[in-house]
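Per chain, numbering begins at 1; letters A, B, ... match sequence-line order. On a predicted model such as this, the values are computed, not experimentally measured, just so you know.
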Number of protein chains: 2
Amino acid sequence: MTDALADSDTALAADATRLSRREQILQAAARLFAERGSRSVGVDDVGAAIGVTGPAIYRHFASKDAMIAEMLQGISERLLAGGRERVAVAGPDPAEQLRALVAFQVDFALDNPALITVHDRDLGSLAPGDAARVRRLQRRYVEVWVDVLRRLRPGEGTDACRARAHAVFGLVNSTPHSAGQLPREEMGVLLAEMAEAAATA
Amino acid sequence: MTDALADSDTALAADATRLSRREQILQAAARLFAERGSRSVGVDDVGAAIGVTGPAIYRHFASKDAMIAEMLQGISERLLAGGRERVAVAGPDPAEQLRALVAFQVDFALDNPALITVHDRDLGSLAPGDAARVRRLQRRYVEVWVDVLRRLRPGEGTDACRARAHAVFGLVNSTPHSAGQLPREEMGVLLAEMAEAAATA
DNA sequence: GCCGGAGGTTAACGCACGTTCACACGCCGC
DNA sequence: GCGGCGTGTGAACGTGCGTTAACCTCCGGC
């Protein structure tokens, strides 16, 4: 291949392979859902966002609901796996574990504001079974935080620690509302400081 | 005069019943919307929640969208007015003003978890004009916080203070996620402590 | 060369749901 | 009593949209 067109073709092909079609769809859909809500975004809109027509979606997902379910479940799984890994890597000190969890959540929220938005907004529009599955994953992620907080604050009850964890999530997950107000690095430092202060107040 | 009085009386009575009905509808709708999202809740559902059929809604609202718009605008107005009043009452000390704002937001979030949920979730499903109106109110409420935070933290820029305000909102507005885990009073104290710690970290 | 499957297209179907319409009923001023 | 008005009902309409159907194209393996 000698011409530039072929090069750009291969580059595009490489990009296309780097992200499978399913993931392309999920990513585009997440962005649209975050902006306007999954119920207001049509299948045609999702298709148009990746350059195909609406029904093409059904070559990759059984239904729109199945697509949303997979999206939410994927997010919850990434959070749970990431949180557990960071805690494991952080060593036995609960203060260090908390720092690791905060850093992880901050990074995730800054890198994926759309996923953060969709994550808790569209849970209610899931079929009961799928919603239960996602909620179970979410709950396990919360428990990772609760375990750390409990060892960090021996005097506090489990319920208080759980409420504390939810509050920290809310704090860090404010990124979609304050997008682009600060450079990413600065925002990360700010959120991490605030989150740790709130968690240990 | 007696005519005028009678007229205004009946007008007031009519307004009162109509307003209470409107309020009933808005309240029931807010609860349903918080649970399942405004797009998944039908007009019939809202009607059924107050014991009437769906079309009865149209005796009180021009359309479902108008109802949502009024709901969101009402929330934003209550927040803005409440925030300004609390700051005014708190006196000149910015630390005291912050405490007042935090207490206000915590009370609101604990008293109206459904409104909190709907408030930022269904903004995207509003008509452009209505959305702009609500966003303007929201922005002015944020600026109330930013003004206080800026005087409290002279070294910090406006953008950082705005991000900080959003983060505190996220923290306090976690109430829908941690509903009923703690008695209200305890939860209020916990959230207020965390919010102040985060705001002044 | 051919064949099968992966992935796309357009057209059409059906249902959910917002909205409107025609009508009914109770209440209050006259 | 009577008529207007506020508020409700059930039926019907229109449409947006998720989904399916029928058909096309490209491509890798035999």
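Partners of B:V52 according to the side-chain contact (heavy atoms from CB on, under 4.5 Å) rule, which considers only residues two or more places apart in sequence or in another chain, are B:R21, B:I50, B:A56. Considering only residues two or more places apart in sequence or on other chains, A:R31 meets the salt bridge (Lys or Arg N to Asp or Glu O under 4.0 Å) condition with none of them. Partners of A:R99 under the side chain to side chain donor-acceptor pair (under 3.5 Å) rule, at least two apart in sequence or in another chain, are A:E96. Residues passing the salt bridge (Lys or Arg N to Asp or Glu O under 4.0 Å) test with B:D45 are B:R36, sequence neighbours excluded.
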Show me the donor-acceptor pairs, under 3.5 Å and distance only, between side chains in residues 169-182 of chain A and residues at least two apart or in other chains.
| from | atom 1 | to | atom 2 | distance (Å) |
| --- | --- | --- | --- | --- |
| A:N173 | OD1 | A:Q105 | NE2 | 2.9 |
| A:N173 | ND2 | A:F169 | O | 3.4 |
| A:S174 | OG | A:L171 | O | 2.7 |
| A:T175 | OG1 | A:A109 | O | 3.1 |
| A:S178 | OG | A:S174 | O | 3.4 |

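Atom C1' of nucleotide D:dG6 and atom CZ of B:R22 are separated by 14 Å, given to the nearest angstrom. At whole-Å resolution of the value, CE in A:M67 and P in D:dG18 are 9 Å apart. D:dG16 atom P lies 16 Å from atom NZ of B:K64, rounded to whole Å. Atom CZ of A:F61 and atom P of D:dT19 are 13 Å apart (whole Å). At whole-Å resolution of the value, CD1 in A:I50 and P in C:dG7 are 12 Å apart. One can place OH of B:Y58 at 17 Å from P of D:dG10, the figure rounded to the nearest angstrom. Summarising the geometry, the separation between CD1 on A:I68 and P on D:dC17 is reported as 14 Å, rounded to the nearest angstrom.
Applying the salt bridge (charged side-chain N to carboxylate O under 4.0 Å, His left out) definition to pairs two or more places apart or across chains, those involving residues 65-94 of chain B are B:R22-B:E70. A side chain to side chain donor-acceptor pair (under 3.5 Å) check over residues 110-123 of chain B, counting only residues at least two apart or in different chains, returns the pairs B:S38-B:D122, B:D111-B:R184, B:H119-B:Q138. Legend: salt bridge (charged side-chain N to carboxylate O under 4.0 Å, His left out) pairs involving residues 154-178 of chain A, not counting sequence neighbours, sorted by first then second residue: A:E143-A:R162, A:R153-A:E156, A:E156-A:R164, A:D159-A:R162. Contacts classified as salt bridge (charged side-chain N to carboxylate O under 4.0 Å, His left out) and involving residues 131-142 of chain B (residues at least two apart or in different chains) are given here: B:D130-B:R133.
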Every protein N/O within reach of nucleotides 8-13 of chain C N/O, cut-off under 3.5 Å:
| from | atom 1 | to | atom 2 | distance (Å) |
| --- | --- | --- | --- | --- |
| C:dG8 | OP1 | A:R21 | NH1 | 2.3 |
| C:dG8 | OP2 | A:H60 | NE2 | 2.9 |
| C:dG8 | N7 | A:R59 | NE | 3.0 |
| C:dG8 | O6 | A:R59 | NH2 | 2.2 |
| C:dT9 | OP1 | A:T53 | N | 3.4 |
| C:dT9 | OP2 | A:T53 | N | 2.7 |
| C:dT9 | OP2 | A:T53 | OG1 | 2.4 |

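Applying a 4.0 Å cut-off to non-hydrogen atoms, none of the residues of residues 117-130 of chain B approaches DNA chain C. The stretch residues 33-45 of chain A touches DNA chain D through A:V41, A:G42, A:V43, each having a heavy atom under 4.0 angstrom from the strand.
Considering every non-hydrogen atom in both B:R151 and B:P92, the closest pair reads NH1-O, 3.7 Å. Between B:L152 and B:A95, the closest heavy-atom pair is CD1-N, 3.6 Å.
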